[in-house]
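Here the structure is laid out as structure tokens; the discussion comes afterwards.
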Protein chains: 2
Amino acid sequence: MATVRRFNRTVTQRVGALDDEYLSRGRPLGQARLLWEIGPAGAEVAALRARLGLDAGYLSRLLRALEADGLVDVCAGTGGDARVREATLTTEGRAEWAVLDRESDDLARSILGPLSTGQQGRLATAMAEVERLLMASMIDLAPSPPGDPRARSCLRAYARELSQRFDAGFDPAVSKPVDDDDLVPPKGVFLLATLSGEPVGCGALKLLPDVPAEIKRLWVSGTVRGLGVGRRILSELERRAAEAGRDSVRLDTNRNLVEAIRLYRSSGYTEVPAYNDEPYAHHWFSKRLT
Amino acid sequence: MATVRRFNRTVTQRVGALDDEYLSRGRPLGQARLLWEIGPAGAEVAALRARLGLDAGYLSRLLRALEADGLVDVCAGTGGDARVREATLTTEGRAEWAVLDRESDDLARSILGPLSTGQQGRLATAMAEVERLLMASMIDLAPSPPGDPRARSCLRAYARELSQRFDAGFDPAVSKPVDDDDLVPPKGVFLLATLSGEPVGCGALKLLPDVPAEIKRLWVSGTVRGLGVGRRILSELERRAAEAGRDSVRLDTNRNLVEAIRLYRSSGYTEVPAYNDEPYAHHWFSKRLT
DNA sequence: CCAATTACCTGACTATAGTCAGGCATATGA
DNA sequence: TCATATGCCTGACTATAGTCAGGTAATTGG
């Protein structure tokens with residue numbers, strides 16, 4: 001706790017100030033950050049707004065300023081929706097971006113410079129660890145309607161992954177269907193994990209009357225795997241099942257999903273005989289909730 | 001390198017923004033930071049200016065604003081100089097500070113909250129390591145006149161430490177004296193190590209004609225020991241000796257300064273017969289500069 | 001004792017950050 | 001096809017951050 005506070009205070013303040021200083025060479029910081037965030041690949045205005053957490057009006061103004069300087073081009077995006085606009089860097093803008101990129105390198109060098117080789121290695125390791133764990137801690141887990149676009153995108157990714165990993169692919173039409181309505185309270189719940197707005201995982205709980213509570217659609221994006229997100233979702237689903245008065249939960253899974261199976265076993269699930277005829281399932285698990 | 005950049009970008013930005021948000025509850029950020037920095041113990045205005053890196057005018061204005069809100073009292077300090085003013089928190093100010101302190105705790109809790117116990121421990125370890133090494137990397141090493149107040153404070157600390165650690169104490173009058181003038185180019189150099197303005201170490205080099213270059217007054221503050229500062233000072237002194245055309249450096253030391261002796265040996269120094277009659281010395285070392 | 005310096009304060013600025021209501025064009029769903 | 005929602009833009013703001021040229025009182029060094 002004290003460590004976290006010291007860290008926040010010194011690192012954030014000092015490195016943050018340095019970073020800002022390096023980034024804004026003459027240009028206002030807001031503009032520099034925006035220019036940097038657009039990047040050589042360009043970006044949609046909405047995405048920029050989300051990433052930088054800016055007011056739509058303010059962002060628009062910043063874009064106009066960069067446009068006036070001839071660094072950025074904002075025009076209708078490549079997507080179908082003509083309202084969505086895309087910001088791209090002009091040739092000058094790309095040059096400017098490259099300068100920022102070099103500044104960023106210089107800053108990193110100036111931090112590593114005074115350290116011995118051994119210290120540099122230790123710093124890199126520790127920084128990577130901090131970043132990884134802070135990422136994990138910033139993942140937000142909240143109920144969401146299963147029809148929400150971000151939930152949908154998780155479910156698509158889930159189906160895509162199953163079709164890659166199952167021996168004979170995955171056809172949703174063959175699998176036992178789950179009705180969206182069954183994942184809305186009080187008949188169930190759908191949890192969505194997001195990292196600064198981006199969907200990175202999900203899990204669902206069916207709480208139908210007269211049958212045991214069942215866990216469905218547990219999925220974690222590859223970008224955040226290994227951070228304990230799956231376990232967090234799972235235990236939150238269990239908590240909600242217990243809260244609803246259930247004394248056990250069960251689930252089925254495919255033999256190829258080895259990490260998931262490992263997660264279930266280490267979370268206290270025990271294998272039980274098949275309780276349904278899901279064609280893609282090889283294992284059925286159950287856990288008593290205390 | 002890439003790790004440092006990623007770290008700067010994500011951690012600094014995200015945690016920094018969070019930190020600011022928690023800190024400034026209604027109040028402008030500048031004021032909140034200042035209030036926090038004054039702390040229950042109070043602080044001199046000059047110290048605040050240095051720590052926060054603010055313009056004198058701006059700081060003054062912030063203090064007036066806090067004074068107008070009845071949170072801070074600025075009056076002549078306890079020191080002798082009546083120009084130096086000291087800011088202290090009023091009762092209300094202390095209450096406000098306590099709130100900030102709690103917010104800071106809440107932020108730390110909100111970061112640790114979503115993590116498992118194991119992850120929390122790993123995060124704390126990694127954060128401490130990052131902070132330690134960043135501190136090391138922010139230590140600035142530069143020549144300074146030996147009469148500078150910060151240099152003086154280092155030399156006082158050096159003498160104090162010797163008197164604690166030598167078997168029979170340390171009396172500067174008994175030791176071979178070093179004239180300040182001999183530590184000013186071209187007759188020598190005095191290096192001062194500072195961490196955001198605060199003196200944390202020193203070292204000197206005598207470059208008198210006709211005798212080998214000699215290292216004197218190598219000292220590192222306890223607060224930054226173990227960060228390789230001593231080694232940095234030592235090798236910078238060697239570099240300057242070589243630059244001045246010398247092909248070796250030598251030094252004397254007391255048997256109780258075991259870390260120093262270890263540093264000299266591991267830096268390539270070899271013990272040589274006594275080359276002076278310094279009463280406090282037990283070991284004499286020399287190193288050839290390549 | 002006087003000139004120079006130091007520590008802080010004040011007034012008068014400019015620039016950047018951020019907000020809000022309203023507007024236009026496009027898309028969507030009944 | 002028409003009401004409604006969405007994505008972005010604009011104008012008109014306010015607040016905060018930051019700078020700079022003096023100014024005053026205390027201190028220091030000759």
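Protein chains get the first letters and strands the later ones, always in sequence-line order, with residue 1 at the start of each.
Within residues 10-20 of chain A, no residue approaches DNA chain C, by heavy-atom distance under 4.0 Å.
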Counting only pairs under 3.5 Å, give me each side-chain donor-acceptor contact of residues 104-112 of chain B, with atom names and distances, residues two or more places apart or in other chains.
residue: Ser104(B); atom: OG; partner: Arg5(A); partner atom: NE; Å: 3.2
residue: Asp105(B); atom: OD1; partner: Arg5(A); partner atom: NH1; Å: 2.8
residue: Ser110(B); atom: OG; partner: Leu107(B); partner atom: O; Å: 2.9

N/O donor-acceptor pairs under 3.5 Å from side chains in residues 91-99 of chain A, not counting sequence neighbours:
residue: Arg94(A); atom: NH1; partner: Leu89(A); partner atom: O; Å: 3.3
residue: Glu96(A); atom: OE2; partner: Arg27(A); partner atom: NH2; Å: 3.2
residue: Trp97(A); atom: NE1; partner: Trp36(A); partner atom: O; Å: 3.2

What N/O pairs connect the protein and nucleotides 8-12 of chain D at under 3.5 Å? Give each pair on its own line.
residue: dC8(D); atom: OP1; partner: Ala46(A); partner atom: N; Å: 3.3
residue: dC8(D); atom: OP2; partner: Arg49(A); partner atom: NH1; Å: 3.3
residue: dC9(D); atom: OP1; partner: Arg64(A); partner atom: NH1; Å: 3.3
residue: dC9(D); atom: OP1; partner: Arg64(A); partner atom: NH2; Å: 3.0
residue: dC9(D); atom: OP1; partner: Arg85(A); partner atom: NH1; Å: 3.1
residue: dC9(D); atom: OP2; partner: Ser60(A); partner atom: OG; Å: 3.3
residue: dC9(D); atom: O5'; partner: Ser60(A); partner atom: OG; Å: 3.4
residue: dC9(D); atom: O5'; partner: Arg64(A); partner atom: NH1; Å: 3.4
residue: dT10(D); atom: OP2; partner: Arg64(A); partner atom: NH1; Å: 3.3
residue: dG11(D); atom: N7; partner: Arg61(A); partner atom: NH1; Å: 3.4
residue: dG11(D); atom: N7; partner: Arg61(A); partner atom: NH2; Å: 3.4
residue: dG11(D); atom: O6; partner: Arg61(A); partner atom: NH2; Å: 2.6
residue: dA12(D); atom: N6; partner: Arg61(A); partner atom: NH2; Å: 3.2

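Summary for the helix from dC1(C)-dG30(D) to dA30(C)-dT1(D): the axes at its two ends, each from 5 pairs, differ by 30° when rounded to the nearest 10 degrees.
Using a 4.0 Å cut-off between charged side-chain N and carboxylate O, Asp20(A) and Arg33(A) make a salt bridge.
A straight line from CZ of Arg27(B) to C1' of dT16(D) spans 14 Å, rounded to a whole angstrom. Summarising the geometry, the separation between CD on Glu67(B) and P on dC8(C) is reported as 14 Å, rounded to the nearest angstrom. Note: CG (Leu54(A)) to P (dT16(C)) measures 16 Å, nearest angstrom. Here dG18(C) presents its P atom at 11 Å from CG of Leu52(A), a figure rounded to the nearest Å. As a whole-Å value, the separation of Leu66(B) CG from dT16(D) P is 12 Å.
Shown here are the salt bridge (charged side-chain N to carboxylate O under 4.0 Å, His left out) partners of Arg150(A), two or more places apart in sequence or in another chain: Asp148(A). Arg61(A) meets the salt bridge (charged side-chain N to carboxylate O under 4.0 Å, His left out) test with no other residue; sequence neighbours excluded. Arg6(B) is linked by a side chain to side chain donor-acceptor pair (under 3.5 Å) to Glu131(A), counting only residues two or more places apart in sequence or in another chain. Thr194(B) meets the side chain to side chain donor-acceptor pair (under 3.5 Å) test with no other residue; sequence neighbours excluded. Qualifying salt bridge (charged side-chain N to carboxylate O under 4.0 Å, His left out) partners for Asp140(B), counting only residues two or more places apart in sequence or in other chains: none.
Counting only residues at least two apart or in different chains, salt bridge (charged side-chain N to carboxylate O under 4.0 Å, His left out) contacts with residues 187-204 of chain B comprise Asp182(B)-Lys187(B). The stretch residues 46-56 of chain B participates, sequence neighbours left out, in these side chain to side chain donor-acceptor pair (under 3.5 Å) pairs: Glu37(B)-Arg51(B).
With contacts defined as side-chain heavy-atom distances shorter than 4.5 Å, the pair Leu141(A)/Ile233(A) qualifies.
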